[in-house]
Number of protein chains: 2
Amino acid sequence: MGNCLVAQSGGPTTVINASLAGVVRANQLNPVYDHVYGGLNGIEGILQDHLYDLTNMSEYENRILRQTPSSALGSCRYKLKRNDETDYLKLVEIMEKHDIDVMFYIGGNDSMDTVDALSQWAKKKGIKQRFVGIPKTVDNDLMVIDHCPGFASGAKFANEVVNATWLDYNVYTREEVFVLETMGRDAGWLAGSTVVTGKVDLLVLPEVDFDKDVFLAEVKKCMDKKGKCYIVTSEGAHYADGTYVAAGQAKNDGFGHAILGGAGQALKQMIVDAGIAPRGKVQDLSSAARSSNFAQSLVDVTEAYELGMSAHGRSANPEFTGMVVAHQREYIDGRYNAHFIAGPAEKFANYVKHVPTEWILPNYQGMTKEFYDYITPLIQGEPDLIYNEKGIPETIVPFNMR
Amino acid sequence: MGNCLVAQSGGPTTVINASLAGVVRANQLNPVYDHVYGGLNGIEGILQDHLYDLTNMSEYENRILRQTPSSALGSCRYKLKRNDETDYLKLVEIMEKHDIDVMFYIGGNDSMDTVDALSQWAKKKGIKQRFVGIPKTVDNDLMVIDHCPGFASGAKFANEVVNATWLDYNVYTREEVFVLETMGRDAGWLAGSTVVTGKVDLLVLPEVDFDKDVFLAEVKKCMDKKGKCYIVTSEGAHYADGTYVAAGQAKNDGFGHAILGGAGQALKQMIVDAGIAPRGKVQDLSSAARSSNFAQSLVDVTEAYELGMSAHGRSANPEFTGMVVAHQREYIDGRYNAHFIAGPAEKFANYVKHVPTEWILPNYQGMTKEFYDYITPLIQGEPDLIYNEKGIPETIVPFNMR
């Protein structure tokens, strides 16, 4: 038997390690591979032969791994060039050296594109190594899959923070707006999810071009009514011409994606400058939302774990390459159920799944019932966390830091 | 039997409602008062006769109240003037109207000062109404009491966020600093508490005058060693001349206290401008830390509840006025134990309990063992929260919003 390699890429999530744990555990239950190697810091580290043997991880460490947020193998934002074989050849050389047949890549859009590119290239060249994708992204913007692992826990965290900050905000009688900013890039899933609390007065999503006049009129209406206005905005909110509401602070990351942040501050300033509220508070969830283990959704962490197991099991088929595992939603006896499938990586990669505009109410008023029905089953349940002697949830030492 | 009144003031905490719940429950177990009234929005609302009858709250609602962060009665920052009787007389008039003998005021330094002022005045005037303080503050800056209810849960939340964001921060190999900013005004307890994680490279507290050169030298040393530097700063960090590190953004609240925030951003910019790191990330915990119910410490929420019960019970003594309930630390069989006491409000009010400077290591290197021993017992245990059908912890509808 040969070996397999599993790596993580892109921004971390709260449950990306559960998918890693699923691959490792599945191979202990059904040893398809002699060794399960972890690739450290994604493709970037693998190309430097930075591997870590995960084969014999104890069940206890596996449990702790599942409740550890962020990426335990480390991550990267290094993207393989499609028109340059150098990295491809180097990768296969490393895989050959360690007798690795299959590489599992846990990541978002770009990582699924990498899986697609590598498998296409390998097939064309008659190279035996295979590449399998396991999806994750807190932004929930991948196609094919019903929802992305990591999103629901991010949404649960955002909901808890909205609930808490809304209470905090309402203890004083003073006139004031509150703006909470969430991640989500160009998809409004995460920001939208906060309507579940029932506490959001106005919701600004990237799916609808931002109209300053309409927005300020709604803020005014709300302030006139109750002297308070709790606003949630996605970091990716933008005007019709594409300019981000946070403009001025936007830069690019290595992938040509804008690094966002500041939409909340911008909205607050806009409201204060317009004289609609004398003051405002801003809370930017930033990366705390995607890497918090005190708001894991049990549904999310379980599905992420099972996607890892599903990828491992399906990969025993020697034809299985360039594929991504996923789940689709079904209802059995009226109850939400995840049905596991697999599909070609190209269908996942490089598209952005937006919130359907028909689920978005006009004038920043929130979401329709369809959206609530979509999100609610995903944020149910809480895992029974193991706490350390310091009184905080136990986490493993990241493999890339050992 | 007469009635009693309980109100909350100042910034909310995660467990301030547990103290309220303690007063209400204690009166059901031992009905010293016919009615327990809640005063809405502190003194400000009480002066407008905004009361809510809490006497017959169900045990279930009491449980939910205990796990609801923020101030369920609403709060205020209205301070009674010591040299003007108008408000005092109005307050007594309202109390007379509702046959209220005793007012419990849950709050921080300013509220304890209010308890002191009212009781002194009433004694002098031969007025029978009595005033009792129940302390809280996330800043942990009250004298007499070993630690303030609300602080430990804020510290637990901060620790969990440090743990999570530290993992998130370390997934990439890129050179970068991370700065987490906590609340804490002029006391570094909350910022200091994050050392429990073992993840903090440099710690900036208000107890030590900020020295830019020394600080930057330490950041450089850390960056040179590992290309990363995880920094925690208190919002109240300041230079030797008193200027806040966050200067430029400081305003005043109604009490003449500076409204802080921005120290994290300022430190990051300082580091980037000095060319020590090419980039940095900032996370401002802001009010999320003080009002989050997913990081309640079981020790904290229990003690807050019991302080409410203690205040209720002691108030049956007709001499008990101008007093504040508190606990002091003892160890029984080597185990932490809270010993309940009561002391004059004047000893609590208008002083700031700083972190002892002998517990602070030089050059921003963190804290001594004494500090760990102080903080660790306080953040132990997690209450078994009741979740609602949306998958988030259940909270009550604030009384000031009913």
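To find a chain, count down the sequence lines: A is the first, B the second, and so on, and within it residues start at 1. Basis for what follows: all heavy atoms, side chains included, without hydrogens, waters or symmetry-related copies.
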Can you list the residues that meet the ring pair (Phe, Tyr, Trp, His ring centres under 6.0 Å) rule with A:Tyr52, with sequence neighbours excluded?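 A:Tyr52 satisfies ring pair (Phe, Tyr, Trp, His ring centres under 6.0 Å) with A:Phe399 only.
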Side chain / backbone / both / neither for [X] at chain B, heavy atoms under 4.5 Å:
X: A:Thr197; value: both
X: A:Val299; value: neither
X: A:Lys226; value: neither
X: A:Tyr387; value: side chain
X: A:Ser71; value: both

Just how far is it from atom CG of B:Asn388 to atom CG of A:Asn163, taken to the nearest 0.5 Å?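 Spacing of CG (B:Asn388) from CG (A:Asn163) equals 7.5 Å.
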Rounded distance (nearest 0.5 Å) linking atom CD1 of A:Ile375 with atom NZ of B:Lys390: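 The distance works out to 13.0 Å.
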Quick one: what part of B:Asp168 sits under 4.5 Å from any heavy atom of chain A, side chain, backbone, both or neither?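 Both the backbone and the side chain of B:Asp168 come within 4.5 Å of chain A.
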Proximal component of B:Glu160, with respect to chain A [non-hydrogen, under 4.5 Å]: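 B:Glu160 touches chain A through backbone and side-chain heavy atoms alike.
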Minimum heavy-atom separation for [X] to [Y], with atom names?
X: A:Leu167; Y: B:Pro398; value: CD2-CG, 3.4 Å
X: A:Ser70; Y: B:Val171; value: OG-CG1, 3.0 Å
X: A:Tyr172; Y: B:Ser75; value: CE2-OG, 3.6 Å

With chain A as the partner, which of [options] has the greatest number of non-hydrogen pairs under 4.5 Å?
options: B:Met401, B:Gln8, B:Arg174; result: B:Met401
options: B:Pro377, B:Gly10, B:Ala72; result: B:Gly10
options: B:Leu73, B:Thr395, B:Leu385, B:Thr165; result: B:Thr395

Any chance CZ of A:Arg335 has more than 12 other-residue heavy atoms, nucleotides or ligands included, within less than 6.0 Å?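 No - once you tally the heavy atoms of other residues, nucleotides and ligands closer than 6.0 Å, there are 12 at most.
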Does A:Glu382 reach the main-chain N or O of B:Ile392 with its side chain, forming a donor-acceptor pair under 3.5 Å?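 Not at all, since once roles are kept as given, no pair shorter than 3.5 Å links the two residues.
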Under 3.5 Å, side chain of B:Asn400 to main-chain N/O of A:Asn170, donor-acceptor pair present?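 Yes: the side chain of B:Asn400 pairs with the backbone of A:Asn170.
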Under 4.5 Å between any side-chain heavy atoms of B:Thr173 and A:Cys76, yes or no?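 Contact flag for B:Thr173/A:Cys76 side chains = no.
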Which pairs pass side chain to side chain donor-acceptor pair (under 3.5 Å) with one or both residues in residues 371-380 of chain B, sequence neighbours excluded?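 Every side chain to side chain donor-acceptor pair (under 3.5 Å) pair that includes a residue of residues 371-380 of chain B, provided the two are not neighbours, is B:Asn140-B:Tyr374, B:Lys369-B:Asp373.
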For B:Ala152, what residues pass the side chain to side chain contact (heavy atoms under 4.5 Å, CB included) criterion, not counting sequence neighbours?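 By the side chain to side chain contact (heavy atoms under 4.5 Å, CB included) rule, B:Ala152 matches B:Ser297, B:Asp300, B:Leu378, B:Ile379.
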How would you list, in number order, the residues of residues 39-48 of chain B that have a heavy atom less than 4.5 Å from chain A?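 Result: B:Asn41, B:Glu44.
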